[in-house]
*Asks:* 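First the structure, then my questions, so here it is.
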2 protein chains.
Amino acid sequence: MDARLMEQKAGVRERGPAGGPGPTPGEGGAGTALLFLREEQMRLAQDLFFFAYRDLAASADAILLEFGLGRAHHRALHFIGRRSGIAVSELLALLRITKQSLARVLAELVARGLVLQVPGPRDRRQRLLSLTEEGRALERRLFERQRERMVAAYREAGGAAVDGFRRVMRGVMDEQTRDLLEPRGARSPAADRGRAAG
Amino acid sequence: MDARLMEQKAGVRERGPAGGPGPTPGEGGAGTALLFLREEQMRLAQDLFFFAYRDLAASADAILLEFGLGRAHHRALHFIGRRSGIAVSELLALLRITKQSLARVLAELVARGLVLQVPGPRDRRQRLLSLTEEGRALERRLFERQRERMVAAYREAGGAAVDGFRRVMRGVMDEQTRDLLEPRGARSPAADRGRAAG
DNA sequence: CGAATTAAGACAGCTTCATTGACTTAATGG
DNA sequence: CCATTAAGTCAATGAAGCTGTCTTAATTCG
């Protein structure tokens, strides 16, 4: 482990290393203490990911329960709403689940009139997905619930923090995922190829 | 919806609102456009949460597969390692799952010699949990795999970004979760009550 | 002391959401 | 025409959560 991977100065120590469990610092000079600090920072980041994701996801559960839907349905609604006219195969690539897993979820959403399937105009094998009026209404309710939380967090943290948040989140993703994230955002010139039915 | 919740200046437009699907801006004056921008920001944040969490979690799967363990085991190992000597009830509160769900996971970890249970010295009803040597070794491998990703993200983003990341992540959590996050971090004076067996 | 509470564990059954593998149908495209 | 692709389907399986009920042992409190 090379001893200078992060040259951050600001915000690194925020709070002492919480003297409790784990290897106690100060046994091998300042280098060891720094290593310990950095490890504690990374472990804290793991905690943050777990708790923040869990609580954000859970905040929409009450609405889902009303409809007898689960989180898998929420994710599908989210991405279909975000990319209206998306093909099934594209949705599969976004979610990274199998065709079977998605099929169950999608069948329920279509059966309840929340999602619409129309054959692709250019490629009629495709079934392009979009939200119905009802689907859009539900997705909006779910979104508003989570939005409250995120707006509050963004406001408390401030604009600079928001920018930092986004940079770190992007950095943690797979490179492949990062490419998928930009709907038409340029950067890579081969990104908007093969996207029929805008 | 009041029209000035976020007074962020930096990093708000980073990329145009991706002219594709959704309500097109510029139909109701500048106010509508700003509203649209903010909504797009919040939806992007949802994407970031989903993708970053998923990819970070998935990065440890290969190691788990070697051992025939799942992500639930990983989470348990993580928190037991982080709070050595934690009681079962405390672990339940951290994970927010039921006793049954944890029991299955814990039984496997103990059976494989990765986790140790010892009766609480003060309260002998408790079973205090800690990692065995083997358990610590496995947890470290899992941690290192995720650490690579996070260190890279932190380094690319920079120190200020890391601080912002942490603030936003904290803000998104439940208040209750935020309290649990600080192992002995003061701030709230009733935080370190009832924590037997340090 | 004795009763109520608490910590942990166990039994039985269920739900959600993912997996694999094999196969079909229809449309596309060289 | 034939290989490939998009989507859907059947069947079985696994991971990880849930409920409700119950027991045992230890603690706490009136």
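Chain naming here is simple, since letters A, B, ... match the order of the sequence lines and numbering starts at 1 in each. Given the structure is predicted, the values throughout are model-derived calculations rather than measurements.
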*Asks:* Without swapping roles, check the side chain of B/Asp123 against the backbone of B/Arg125 for a donor-acceptor pair under 3.5 Å.
*Replies:*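 Here the side-chain-to-backbone pair exists.
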*Asks:* In this structure, how many angstroms lie between the P atom of D/dT9 and the CZ atom of A/Arg127, rounded?
*Replies:*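 To the nearest whole Å, that distance equals 9 Å.
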*Asks:* Round to the nearest Å and state the distance from B/Lys99 atom NZ to D/dT23 atom P.
*Replies:*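 Going from NZ in B/Lys99 over to P in D/dT23 covers 13 Å.
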*Asks:* According to side-chain hydrogen bond (donor to acceptor under 3.5 Å, both in side chains), does anything in residues 101-116 of chain B pair up with another residue at least two apart or in another chain? List the pairs.
*Replies:*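 Checked against side-chain hydrogen bond (donor to acceptor under 3.5 Å, both in side chains) - neighbours excluded - the pairs reaching residues 101-116 of chain B are B/His73-B/Glu108, B/Thr98-B/Ser101.
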*Asks:* Students often get this wrong, so: under 4.0 angstrom with heavy atoms, is B/Ala103 touching a base, only sugar-phosphate, or nothing?
*Replies:*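 Touches nothing.
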*Asks:* Quick one: how far along DNA chain C does chain A reach, first to last nucleotide 5' to 3', anything under 4.0 Å to a heavy atom?
*Replies:*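 Listed 5' to 3', the contact boundaries are C/dC17 to C/dT28.
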*Asks:* Distance check: side-chain N/O of A/Gln117 vs OP1/OP2 of D/dG8, anything under 4.0 Å?
*Replies:*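 For D/dG8, OP1/OP2 do have a side-chain N/O of A/Gln117 under 4.0 Å.
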*Asks:* Are OP1 or OP2 of D/dA7 and a side-chain N or O of A/Ser89 less than 4.0 angstrom apart?
*Replies:*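 For A/Ser89, the contact criterion (side-chain N or O under 4.0 Å from OP1 or OP2 of D/dA7) is met.
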*Asks:* Could you tell me how far apart B/Asp123 (CG) and D/dC29 (P) are, to the nearest whole angstrom?
*Replies:*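 That distance rounds to 12 Å.
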*Asks:* Rounded to the nearest Å, what distance is computed from the CG atom of residue A/Leu102 to the C1' atom of nucleotide D/dG8?
*Replies:*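 The distance from CG of A/Leu102 to C1' of D/dG8 comes to 11 Å, rounded to the nearest Å.
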*Asks:* If you pin A/Gly68 and A/Thr98 to their nearest nucleotides in DNA chain C, which one's is more 5'?
*Replies:*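 The residue closer to the strand's 5' end, by nearest nucleotide, is A/Gly68.
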*Asks:* Does A/Met173 offer a backbone N or O that forms a donor-acceptor pair with the side chain of A/Arg178 under 3.5 Å?
*Replies:*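 Yes: the side chain of A/Arg178 pairs with the backbone of A/Met173.
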*Asks:* Check each of B/Phe49, B/Tyr53, B/Phe79 against A/Phe50 using the ring-ring contact (aromatic ring centres under 6.0 Å, His included) test, and report the only one that passes.
*Replies:*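 Exactly one candidate clears the test, B/Phe79.
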*Asks:* Between A/Gly70 and B/Ala87, just flag the one whose closest nucleotide in DNA chain C comes earlier from the 5' side.
*Replies:*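 Its nearest nucleotide being more 5', the pick is B/Ala87.
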*Asks:* Heavy atoms under 4.0 Å, any strand shown: does B/Ala107 hit a base, just sugar-phosphate, or nothing?
*Replies:*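 Result for B/Ala107 = nothing.
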*Asks:* If you only use heavy atoms from C-beta on, which nucleotide in D/dC18, D/dG17, D/dA7 is closest to the side chain of B/Arg75?
*Replies:*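 From the listed options, D/dG17 comes nearest.
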*Asks:* Does B/Ser59 use its side chain to pair, donor to acceptor, with the backbone of B/Leu56 at less than 3.5 Å?
*Replies:*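 Side chain of B/Ser59 to backbone of B/Leu56: a pair is present.
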*Asks:* Measure the distance from CG on A/Leu64 to P on D/dC18 and round it to the nearest whole Å.
*Replies:*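 Nearest whole value for this atom pair: 16 Å.
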*Asks:* Go through B/Arg38 and B/Met42 one step at a time and tell me if the side chain to side chain contact (heavy atoms under 4.5 Å, CB included) criterion holds.
*Replies:* CA-CA 6 Å; B/Arg38 290 197 283 123; B/Met42 294 301 133; 5.7 Å; no
*Asks:* Using five pairs at either end of the helix from C/dC1-D/dG30 to C/dG30-D/dC1, determine the angle between the two local helix axes and round it to 10 degrees.
*Replies:*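 Taking five pairs per end, the axes differ by 30°.
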*Asks:* Taking atom types as they are modelled, would you say the side chain of A/Arg125 forms a donor-acceptor pair with the base of D/dT5 within the 3.5 Å cutoff?
*Replies:*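 For A/Arg125, whose side chain was compared with the base of D/dT5, there is a donor-acceptor pair (under 3.5 Å).
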*Asks:* For the backbone of A/Val172 and the side chain of B/Arg149, can you confirm whether one donor and one acceptor N or O come within less than 3.5 Å of each other?
*Replies:*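 The answer is yes, because a donor-acceptor pair under 3.5 Å joins these two groups.
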*Asks:* With respect to the phosphate group of D/dA16, does any side-chain polar atom (N or O) of B/Arg104 fall under 4.0 Å of OP1 or OP2?
*Replies:*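 Result: no.
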*Asks:* Quick check: does any side chain N or O of B/Thr132 sit under 3.5 Å from a backbone N or O of B/Gly113, one acting as donor and the other as acceptor?
*Replies:*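 Looks like yes, one N/O pair under 3.5 Å.
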*Asks:* Could you give the CG-to-C1' distance, from A/Leu92 to D/dT9, as a whole number of Å?
*Replies:*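 In whole Å, D/dT9 C1' lies 14 Å from A/Leu92 CG.
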*Asks:* Whole Å only: how far is the CZ atom of A/Arg71 from the P atom of D/dG17?
*Replies:*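 Answer to the nearest Å: 11 Å.
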*Asks:* Under 3.5 Å, is there a donor-acceptor pair between the side chain of A/Glu90 and the main chain of A/Ala87?
*Replies:*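 Judged by distance alone, yes, a pair lies under 3.5 Å.
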*Asks:* For the pair B/Asp174 (side chain) and A/Asp55 (backbone), establish whether a donor and an acceptor sit closer than 3.5 Å, ignoring hydrogens and angles.
*Replies:*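 Side chain of B/Asp174 to backbone of A/Asp55, a donor-acceptor pair under 3.5 Å: no, none is there.
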*Asks:* What is the distance, rounded to the nearest whole Å, between atom CG of B/Leu106 and atom P of D/dA16?
*Replies:*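 The distance from CG of B/Leu106 to P of D/dA16 comes to 14 Å, rounded to the nearest Å.
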